[in-house]
Structures are given as structure tokens and as C-alpha cells.
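Because the structure is a prediction, the values reported are computed rather than measured. Chain letters run A, B, ... following the sequence lines, proteins first, then strands; residues in each count from 1.
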Amino acid sequence: MNHSVSMTVNGSKRDGNVEPRTLLVHHIRENLGLTGTHVGCDTSQCGACTIMMNGKAVKSCTVLAVQAEGADIMTIEGLAKDGELHPIQEGFWEEHGLQCGFCTPGMILSSLDLLQRNPNPTEAEIRHGIEGNLCRCTGYQHIVKSIQYAANKMAGAAGDD
Amino acid sequence: MYPAAFDYHRPGSVQEAISLLQENPEAKILAGGHSLLPAMKLRLAEPGAIVDLGSISDLKQLSLNGGATIGAMCTYDALLNSNELETMFPVLHEALAWVGDVQVRNLGTIGGSAAHADPAADIPAALVALEAEFVVVGPNGERTIPASEFFIDIFTTALEPEEVLTQIKLSAPDGNVVSAYEKFPHPASGYPVCGVAVVVTRDGSGNVSSARITATGSVYVVTRLTGAEDALTGTGGDASAVEAASERATEGVSEFAGDHYASSEYREHLTKVFVKRALNRALGN
Ligand SMILES: Cc1cc2nc3c(=O)[nH]c(=O)nc-3n(C[C@H](O)[C@H](O)[C@H](O)COP(=O)(O)OP(=O)(O)OC[C@H]3O[C@@H](n4cnc5c(N)ncnc54)[C@H](O)[C@@H]3O)c2cc1C
Ligand code: FES
Ligand code: FES
């Protein structure tokens, strides 16, 4: 039996009707048409499917769409505001934090969770914070630099207030 | 990968959950989903119905008054954010911080970890070393199961199929208590190849009056290492006493886990090494 689900996605209310076994990542990609969220391993390991659910990074291949009833979801498409890249996106651009880009949406949202908790992380804390995200291209070094760039930029912006 | 089809229920109370479990003998409880959903996607589990505890807000409460009463649906992340819980039970905080990665900690629950009884789970080691009590509610009402009787075997606990684990209770530390959790993570999965939790109480003169030492990962179900506990009790807890205790750590343990990554002989050896590391750190040696 299908279930109706309703959630806020990138600020807009989105209703749907899904089989209970539909994974949140498939609902987002196939029903809502937001394909920035990727499926990598499909076994909860790689973090390519990471989204923000109620403000926290989660692997959307390991959540049922029906579990997200009433949730506040943000995908990578919701991060830039008014056409302006978020500092983390800018960091990945400036510091070459991606090659093929497959891991990037998940990597960026895990970085967002990290910087929300710890605005000024050490290199070790950054590497620990992205433990749930695998990258097969970069060797991580430039990802770490990208997150450091974002932390610096966000600290500067906070200082301007 | 899709799980096999199932009916989905989202009860608003524990009583409603129990009725649903009674009506649907094929049903499985869903908590954080971070063990159950991967198993369902691989079709290792094909429950006919799912009873999702996600809307029962009582189960997400953490109350601290002397000891701790932890709702089964508290996520690892929610518990890691409690400074009071960390101060009172640092060994639990250490074990929570070791679980998986941030995404897993944002959804996985303490009750799910306990009920699943994965032989390589981190949390049960801390809960057994802290002598936690497990409050479960079923068709015949509520009962409380001591840690020593809760974990029975690989993926097996004292929970009956129609029972819900609702709370985990920890008594406040009594006297001078020190503790530590040490883990050798599997390089790919992050689960413990061997994890050891120690909770040691010292008397007024600094001697060890009681020790609770547990192993996970190296054994098929979380196990109290009574040889090491006995060896340490009554000593001054110095490095030589710890050495002697670690030598006796595997006494009476009937079987060590072994697989293509780490043989049972190696895990037995690791258990001794991690008992020593955890005790030396806890006791400040
Ligand atoms: C990538 C990854 C890495 C991980 N790494 C680790 C690690 O390093 N260490 C570690 O310890 N764990 C690890 N885990 C497992 C994780 O901790 C799980 O969250 C945990 O094992 C199960 O908790 P859950 O809330 O997700 O439960 P679920 O998966 O929802 O449920 C697990 C089982 O318990 C039953 N159940 C759940 N709640 C209750 C209840 N209240 N009453 C009765 N039955 C109940 C369910 O029916 C099911 O059978 C990892 C998981 C993933 C995906
Ligand atoms: S696709 Fe979800 S963790 Fe890899
Ligand atoms: S950039 Fe290719 S996987 Fe990370």
C-alpha cells in the first residue's frame, strides 16, 4: 500500500506518494527530480547520498522516504543562496576539492555538518568529520584544503557582522 | 537496491507499537535503521511489516538525576551532545564517539544498538561494564533485565518478539570510579575487531575495590572478562597489577571470533593488549 509523504525540501513543501520500501534517495532523485544527490555504494558506506535532514547530515540511501514524513530536508541544490555559492562550495572550487565530482555533493554536506558543530576544526578534526564520505579521485588532500578555506571564509564573514 | 515490500506502521505510543507487533507476527521494529535497512536491502531480512518507533517522543527522552534514564530512541549524536552524561559516564561517551561516522551517529540509536546485539557493536561493551538495566515493555507489561542477562548470543538478546526496549538505566557512579574504552577499528568497516571497556572503583586507600571489564568484537557476544576483573581487584592498580590482569583476561572465555581478516588467535591476543591499554589509561599509569 502506498503512503503519502510530505516534507520540506530546500525550503518548499513537497508532497509525494510512495511505496514504503522507497529509499529517501530515490524519492529525492526520481520523484522530486533533484539529481544532485548521488547513489554510490548503495550500502551505507560511501556518503555520496548525504543530505541534511532536520539540520544533520544523513545517508539518504539508508533512510526510508516514509521516515522523512514532516522532515526538513536540504540537498546540495539548496545550498547556494540567490545564485551565490556557499563558502564551502567556493572552497571546493578555489582549492580544487574535486576531480570527477561524484562524491562532492555528499562531501560538501558532511563538511556543513562539521562546520556547524566546529567552526574552526583542525586538520585531524576535518579528516575525522568526513570519515563517512569516500572519494576515489582526490586523495582527500584538496578536500581538506577546501574545508579549511570555507572555515576561514565563514569566520571572516561572522567577524563582519 | 530495494528492500522486499512490507507494510509500514508508525505508532504514536509504545502501547500502540506492541499491539501492532501482536497483530503482525512478521513485523520488525525500526529504530535508526542503520543495521536493519542495510540488511533489508541485501534481502538478509525480509520482514512483512515495519513498526517505526520514530514518532514516539517519550522514547527520545534523556533524564539525568543521579543516574541516567536513556530513552531507547536517543541517537548517538543526541547523547554525545550531553555534557552531563559525558561527565557521569565517560566510558559510554567514548564508545558513542567511536561508532561509525557522523552520518551514522546522527541516526543510529542506543536502543537499536542494544537490541541488535551485533557481536562487533561498540555500545554494548560500555553498557555491560556500567551494569546497565534494560527496561522492556510487552503484552504482559514492563520488566527490567540486568545487563548480565540481556545479551545472550550473536544477534540475540533477552527481548521477546512482541517486546519493545524502552529505556536503558545507569546508576550514578558510587565513589572513586575511573573508566576507559579502547578500540581496534577494522580499517574498512570501522567496527571493532576488538573493543574493551573498563570501569574500575577504588577505595579510600586507592586500592581497586571492584573492576568490570568487557570485550566486544573479539568475541561473539559482549563478554565480562572475569579473570582480569578478579586479578585486578584488591591490588593497587599499578602497571604491574594491570600486566598481571591482562595476562588473565582471556581466562574462561570459551570462544574468540575469527574471520579472514583476523584469526581467533589474533583476536585473543588483541583482547589482552586492549585490556592493558584501557586499564592503564583509566588508572593513569
Ligand atoms: C556505515 C555504518 C557504520 C557503522 N559502524 C558502527 C560501529 O563502528 N560500531 C557500532 O557499534 N555500530 C556501527 N554501525 C551500526 C549502527 O550503530 C546501528 O545504528 C546500530 O547497530 C543499530 O541501531 P539502529 O537504531 O540503527 O537500529 P535499527 O537498524 O533500526 O534496528 C536494529 C535491530 O534492533 C531492533 N530494535 C531497534 N530498536 C528496538 C527497540 N527499541 N526495541 C526492540 N527492538 C529494537 C530492530 O528490530 C532491528 O532488528 C554502523 C552502521 C553503518 C551503516
Ligand atoms: S550511496 Fe548511500 S552511503 Fe553510498
Ligand atoms: S572527486 Fe571523484 S570521487 Fe571524489
Side-chain angles (χ1 to χ4, degrees), chain A residues 1-5 18-27 30 39 41-71 106-107 109-118 125-134, chain B residues 1-10 12 27-55 57 60 73 75-78 80-81 97-109 112 185-191:
Chain A
M1 196 183 71
N2 276 18
H3 283 246
S4 59
V5 284
V18 297
E19 250 194 286
R21 61 176 169 165
T22 308
L23 301 172
L24 182 55
V25 69
H26 294 311
H27 182 57
E30 289 155 26
V39 180
C41 63
D42 207 2
T43 56
S44 325
Q45 307 291 328
C46 75
C49 62
T50 300
I51 57 154
M52 303 300 280
M53 182 158 116
N54 299 324
K56 305 206 183 228
V58 306
K59 293 175 178 170
S60 62
C61 75
T62 313
V63 180
L64 301 172
V66 285
Q67 282 179 285
E69 170 63 31
M107 225 23 120
L109 294 176
S110 290
S111 311
L112 180 64
D113 187 305
L114 169 70
L115 294 177
Q116 282 173 358
R117 290 164 198 263
N118 180 356
E125 286 166 342
I126 291 176
R127 289 182 185 273
H128 185 57
I130 57 172
E131 240 167 25
N133 295 75
L134 301 180
Chain B
M1 287 185 293
Y2 279 84
F6 53 84
D7 293 331
Y8 176 76
H9 305 278
R10 198 179 168 94
K28 270 252 167 215
I29 288 174
L30 178 68
H34 273 52
S35 289
L36 183 56
L37 292 177
M40 286 170 63
K41 287 167 69 178
L42 295 169
R43 309 270 171 129
L44 296 171
E46 298 190 11
I50 283 291
V51 176
D52 180 358
L53 303 182
S55 288
S57 49
K60 296 178 188 163
M73 287 294 286
T75 62
Y76 306 127
D77 180 65
L80 282 165
N81 287 333
W98 264 115
V99 175
D101 49 55
V102 67
Q103 294 98 316
V104 173
R105 293 191 295 274
N106 281 340
L107 286 181
T109 67
H186 187 287
S189 76
Y191 280 86

Among the listed options A:Leu109, A:Leu114, A:Thr43, A:Leu64, the residue most often paired with chain B at heavy-atom distances under 4.5 Å: A:Leu64
With respect to chain B, which residue among A:Glu69, A:Met1, A:His26 yields the maximal number of heavy-atom pairs within a distance under 4.5 Å? A:His26
Chain B contacts: which residues in residues 46-54 of chain A have a non-hydrogen atom closer than 4.5 Å to it? A:Gly47, A:Thr50, A:Met53
With the side chain counted from C-beta on, respond yes when [X] and [Y] share a heavy-atom pair under 4.5 Å apart, and no when they do not.
| X | Y | answer |
| --- | --- | --- |
| B:Val51 | B:Lys28 | no |
| B:Asp77 | A:Arg117 | yes |
| A:Gln67 | B:Leu30 | yes |
| B:Trp98 | B:Arg105 | no |
| A:Leu23 | A:Val39 | no |

Please classify the contact between A:Val63 and chain B as side chain, backbone, both or neither, with a heavy-atom cut-off of under 4.5 Å. both
For A:Asp113 and B:Gln103, test the side chains for any donor-to-acceptor distance below 3.5 angstrom and give the result as yes or no. no
Tell me every residue that passes side chain to side chain contact (heavy atoms under 4.5 Å, CB included) with B:Ser57, counting only those two or more places apart in sequence or in another chain. none
For A:Glu19, give me all partners under side chain to side chain contact (heavy atoms under 4.5 Å, CB included), at least two apart in sequence or on another chain. A:Asn2, A:Arg21, A:Thr22, B:Ala5
I would like to know whether A:His128 and A:Glu131 meet side chain to side chain donor-acceptor pair (under 3.5 Å); could you show each step before the answer? CA-CA 5 Å; A:His128 185 57; A:Glu131 240 167 25; 3.2 Å; yes
Under 3.5 Å, side chain of B:Asp7 to main-chain N/O of B:Ala49, donor-acceptor pair present? no
Under 3.5 Å: donor-acceptor pair, side chain of B:Lys60, backbone of B:Gly54: yes
Close contacts, residues 33-42 of chain B versus chain A, judged by heavy atoms under 4.5 Å: B:Gly33, B:His34, B:Leu37, B:Pro38, B:Lys41
